[in-house]
Amino acid sequence: MSYTAIMLRRNMKHGLRDPGAMMLSVVMPVVLLLLFVGVFGGALQVGVAHGAYVDYLVAGILVMTVGYGSSTMSLMLTRDMASGVVNRFRTMAVPRASVLTGHVLGSVIRTVVSVLLVIAVALLLGFRPTTDPVRWLALLGMVVLLTLALTWVGVAVGLAARTPEAGMPFVFLLQTLPLLSSAFVPTDSMSGAVRWFAAHEPFTPITDTLRGLVLDTPVDGALAAVLWCVGLALVGYLASRALFGRDPRT
């Protein structure tokens, strides 16, 4: 546990000293919230059946917040790989799990802080959740589960990428897939192949579950959301263990 705490402290210090990472993981979700509510909210309100658009939007912004946090962590890990720091840890008496767990826990902490900031700004913009404390706890649990899932996938990408530039497709993917889901408009308002894709990709049931929890509406896709998160976390974790244990010269 002490090694994990040391790695977590190192990760958090490096994050605070990287303005670009802080901007991407903390500030960008708030900017997106302000942009979609203030600029596009009037037009997109037409596609929302009930309530203010900000009430519909918050769940999607929370998903984007988790995505930005995970992609930031992945880029930070890639830089550690490129600088040779991770290879030095491999030669030291440091449990390998601690190196990876420090990055994951750091990502979870930053993401939770970002989520709280997004909710606070949303409340100032007129967001009015209609839920109870139990569902708020369930919302937090779902956010943490999603963060663990995407972060472990991000760890695998960070270990596999040779340079930060090579990891950029992962960042692009996490920014694009939520846009092609129910995060910003209902999937029923989409057409053709886009509607089919949005209905079957993982971020739609995850977003709908978060929205249902925060607005006290049915959460029919909760099981699918949990299964997607658990599956992604398992794949990312196993791939990360395999990549971290490989010969660094290969």
Side-chain angles (χ1 to χ4, degrees), residues 12 15-16 18-73 106-148 150-151 171 174-187 189 203-219 221-222 225:
M12 296 300 293
L16 292 174
D18 189 343
M22 295 301 295
M23 284 286 293
L24 184 62
S25 62
V26 178
V27 179
M28 186 57 68
V30 175
V31 172
L32 280 178
L33 178 65
L34 296 172
L35 178 65
F36 274 88
V37 172
V39 179
F40 303 124
L44 296 176
Q45 175 69 47
V46 177
V48 179
H50 304 287
Y53 180 65
V54 65
D55 293 337
Y56 182 91
L57 176 67
V58 166
I61 296 297
L62 294 183
V63 171
M64 295 290 288
T65 301
V66 176
Y68 279 119
S70 302
S71 59
T72 298
M73 183 283 311
S107 177
V108 171
I109 293 172
R110 285 191 299 270
T111 299
V112 170
V113 172
S114 300
V115 164
L116 294 176
L117 179 60
V118 166
I119 293 175
V121 174
L123 290 171
L124 294 176
L125 295 175
F127 174 52
R128 295 297 177 262
T130 54
T131 189
D132 54 56
V134 174
R135 287 203 166 201
W136 275 115
L137 289 176
L139 174 75
L140 179 61
M142 191 67 206
V143 167
V144 171
L145 182 60
L146 176 61
T147 303
L148 289 173
L150 296 185
T151 300
V171 178
L174 287 187
Q175 293 177 0
T176 303
L177 284 181
L179 295 175
L180 299 175
S181 72
S182 62
F184 298 98
V185 294
T187 56
S189 66
F203 286 110
T204 290
I206 293 171
T207 304
D208 290 344
T209 298
L210 293 176
R211 185 175 293 118
L213 289 172
V214 79
L215 297 180
D216 199 16
T217 57
V219 285

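The structure presented is a predicted model; accordingly, all values stated were derived computationally and were not measured.
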The side chain to side chain donor-acceptor pair (under 3.5 Å) partners of S182 (sequence neighbours excluded) come to D208
Those residues that, when tested against I109, pass side chain to side chain contact (heavy atoms under 4.5 Å, CB included) (two or more places apart): L8, M12
Counterpart residues, salt bridge (Lys or Arg N to Asp or Glu O under 4.0 Å), relative to D132 (two or more places apart): none
Minimum-distance pair of heavy atoms, taken over all atoms of S107 and G69: OG-O, 3.8 Å
Measure across Y56 and P186 and return the closest heavy-atom pair with its distance rounded to 0.1 Å. OH-N, 3.0 Å
List the atom of A183, the atom of P178, and the distance in Å for their closest heavy-atom pair. CB-O, 3.3 Å
Using a 3.5 Å cut-off and no angle test, enumerate the donor-acceptor pairs between side-chain atoms of residues 117-131 and protein atoms at least two apart in sequence or in another chain.
| residue | atom | partner | partner atom | Å |
| --- | --- | --- | --- | --- |
| R128 | NH1 | L123 | O | 3.1 |
| T130 | OG1 | L215 | O | 2.8 |
| T131 | OG1 | L213 | O | 2.8 |

Got a sec, which residues hit side chain to side chain contact (heavy atoms under 4.5 Å, CB included) with L179, two or more places apart in sequence or on another chain? F184
Determine all donor-acceptor pairs shorter than 3.5 Å in which one atom belongs to a side chain in residues 57-67; sequence neighbours excluded.
| residue | atom | partner | partner atom | Å |
| --- | --- | --- | --- | --- |
| T65 | OG1 | I61 | O | 2.7 |

OG1 of T111 to CG of L150: how many Å apart, nearest 0.5 Å? 9.0 Å
d(F203 CZ, L146 CG) to nearest 0.5 Å is 6.5 Å
Quick one: salt bridge (charged side-chain N to carboxylate O under 4.0 Å, His left out) pairs with a partner in residues 135-146, sequence neighbours left out? R135-D216
